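All values reported here derive from a predicted model rather than from experimental measurement. Values below: every heavy atom of this structure, side chains too, minus hydrogens, waters and symmetry copies.
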Amino acid sequence: MRAAAGKVVSLEEARARVAEARAAGGSVALANGCFDVLHVGHARYLAGARAEADVLVVAVNGDDSVSELKGPGRPVTPEADRTLLVAGLACVDWVVLFRERDVGAVIDALRPDVHCKGTDYTAETVPERDRVRAHGGRIAIVGDPKRHDTRALIERMRS
């Protein structure tokens, strides 16, 4: 877990590492989400995102924004644990925690070459699409069909 902990960085540190990757000729993908109960759909989404670029940064929602987005009783897993679990995946280069309701500030800071979203979106329904395109990036829809739902998984565990 020590290696995974080293992959959880501040936004400023992520910006510096992204600059280094670009200076070396690399491209940068950004994925984001709550990752409240990490499951196979998340792993496939992040692996698909990593395939889009040379490095993958994952922005993980903070606890307050998860509560706001997902409702009472969420998150199930605290932000420190969620970031560490995501960082433990081999396909992930760096993880940043963001506390805002949306990932816009992370997009502005990192200016990803590609912003990756899951298959519950299309390129035209991604909320951040205009912001990404304004920075010269593109949208990629990655992962397997949305057959894995955190809410349904939580309900199955509770019953």
Side-chain angles (χ1 to χ4, degrees), residues 1-21 28-50 52-53 55-121 125-132 134-135 137 139-143 146 148-155 157-158:
M1 279 311 224
R2 205 178 322 221
K7 291 166 47 173
V8 179
V9 298
S10 69
L11 184 56
E12 286 305 313
E13 179 67 21
R15 186 189 327 225
R17 291 182 184 196
V18 161
E20 290 171 6
V28 176
L30 174 67
N32 69 285
C34 297
F35 306 101
D36 192 9
V37 177
L38 198 62
H39 55 69
V40 70
H42 292 134
R44 290 175 179 156
Y45 162 55
L46 296 175
R50 179 62 171 79
E52 294 289 327
V55 297
L56 173 61
V57 180
V58 180
V60 175
N61 290 73
D63 287 347
D64 289 342
S65 68
V66 173
S67 292
E68 190 176 331
L69 292 166
K70 302 296 184 178
R74 302 282 299 275
V76 173
T77 308
E79 62 191 34
D81 294 347
R82 291 183 289 113
T83 57
L84 192 58
L85 286 167
V86 170
L89 297 173
C91 60
V92 175
D93 292 290
W94 304 297
V95 175
V96 297
L97 181 69
F98 72 101
R99 301 190 185 285
E100 300 79 16
R101 184 176 173 88
D102 67 53
V103 73
V106 177
I107 291 169
D108 291 343
L110 302 182
R111 303 172 67 108
D113 299 295
V114 58
H115 181 50
C116 301
K117 295 297 262 189
T119 57
D120 46 337
Y121 291 93
T125 63
V126 171
E128 307 88 8
R129 71 187 175 282
D130 293 337
R131 189 175 227 142
V132 171
H135 292 303
I139 301 295
I141 304 302
V142 299
K146 181 108 177 171
H148 312 283
D149 181 293
T150 301
R151 188 171 314 230
L153 181 59
I154 291 170
E155 287 305 314
M157 290 189 302
R158 286 183 175 154

Open item on the list: Testing the basics here: between C116 and A29, what is the closest heavy-atom pair and its distance to 0.1 Å?
Closed with: SG-CB, 4.2 Å

- [ ] Apply side-chain contact (heavy atoms from CB on, under 4.5 Å) to N32 and K117, showing your working.
- [x] CA-CA 8 Å; N32 69 285; K117 295 297 262 189; 3.3 Å; yes

Task: Atom pair SG (C34) and CD (E79), whose distance is rounded to the nearest 0.5 Å - done: 11.5 Å

Open item on the list: For the CG atom of D102 and the CD atom of E128, what is their distance to the nearest 0.5 Å?
Closed with: 6.5 Å

Open item on the list: Is there a side-chain contact (heavy atoms from CB on, under 4.5 Å) between L56 and W94? Walk through the geometry before answering.
Closed with: CA-CA 7 Å; L56 173 61; W94 304 297; over 6 Å; no

- [ ] Decide yes or no for R50 and L89: does some side-chain heavy atom of the first lie under 4.5 Å from some side-chain heavy atom of the second?
- [x] no

- [ ] Check G118 against Y45 and note the closest heavy-atom contact, atom names and distance.
- [x] N-CE1, 3.5 Å

Open item on the list: Assess the residue pair L110 and V57 against the criterion (side-chain contact (heavy atoms from CB on, under 4.5 Å)); give the C-alpha distance rounded to whole Å, side-chain angles, the decisive distance to 0.1 Å, and a yes or no.
Closed with: CA-CA 9 Å; L110 302 182; V57 180; 3.8 Å; yes

- [ ] Grab the two heavy atoms, one from L46 and one from A31, that are nearest each other, plus how far apart they are.
- [x] CD2-CB, 3.8 Å

- [ ] For residues A47 and C91, report the shortest heavy-atom separation together with the two atoms involved.
- [x] N-SG, 3.8 Å

- [ ] With side-chain contact (heavy atoms from CB on, under 4.5 Å) as the test, would you mind laying out the steps for R82 and L38 before giving the verdict?
- [x] CA-CA 8 Å; R82 291 183 289 113; L38 198 62; over 6 Å; no

- [ ] Could you tell me whether a side-chain N or O of R129 sits under 3.5 Å from a main-chain N or O of V126, the two making a donor and an acceptor?
- [x] yes

TODO: May I ask you to test the V103-F98 pair for a side-chain heavy-atom distance under 4.5 Å?
DONE: yes

Open item on the list: Would you compute the distance between atom OG1 of T83 and atom CZ of F35 and round it to the nearest 0.5 angstrom?
Closed with: 11.5 Å

TODO: Keeping the roles fixed (side chain from D63, backbone from P78), state whether a donor-acceptor pair exists under 3.5 Å.
DONE: no

Open item on the list: Regarding E12 and R15, does a basic nitrogen lie under 4.0 Å from an acidic carboxylate oxygen?
Closed with: yes

- [ ] Could you check if a side-chain atom of N61 sits within less than 4.5 angstrom of a side-chain atom of E100, using non-hydrogen atoms only?
- [x] no

Open item on the list: Do P127 and Y121 make a side-chain contact, defined as non-hydrogen atoms from C-beta onward lying under 4.5 Å apart?
Closed with: yes

TODO: Report yes if the side chains of H135 and I107 come closer than 4.5 Å at any heavy-atom pair, otherwise no.
DONE: yes

Open item on the list: Looking at every heavy atom in both A87 and V8, which two are closest together, and how far apart are they?
Closed with: CB-CG2, 3.8 Å

Task: 4.5 Å side-chain heavy-atom contact, P75 and S67 - done: yes

TODO: Would you check if I139 and V114 make a side-chain contact, meaning some heavy-atom pair closer than 4.5 Å?
DONE: no

TODO: Decide yes or no for V9 and K7: does some side-chain heavy atom of the first lie under 4.5 Å from some side-chain heavy atom of the second?
DONE: no

Open item on the list: Would the distance check show the side chain of T77 and the main-chain N or O of D36 forming a donor-acceptor pair, the cut-off being under 3.5 Å?
Closed with: yes

- [ ] May I ask you to check whether over 12 heavy atoms, not counting those of D64, lie within 6.0 Å of atom CG?
- [x] no

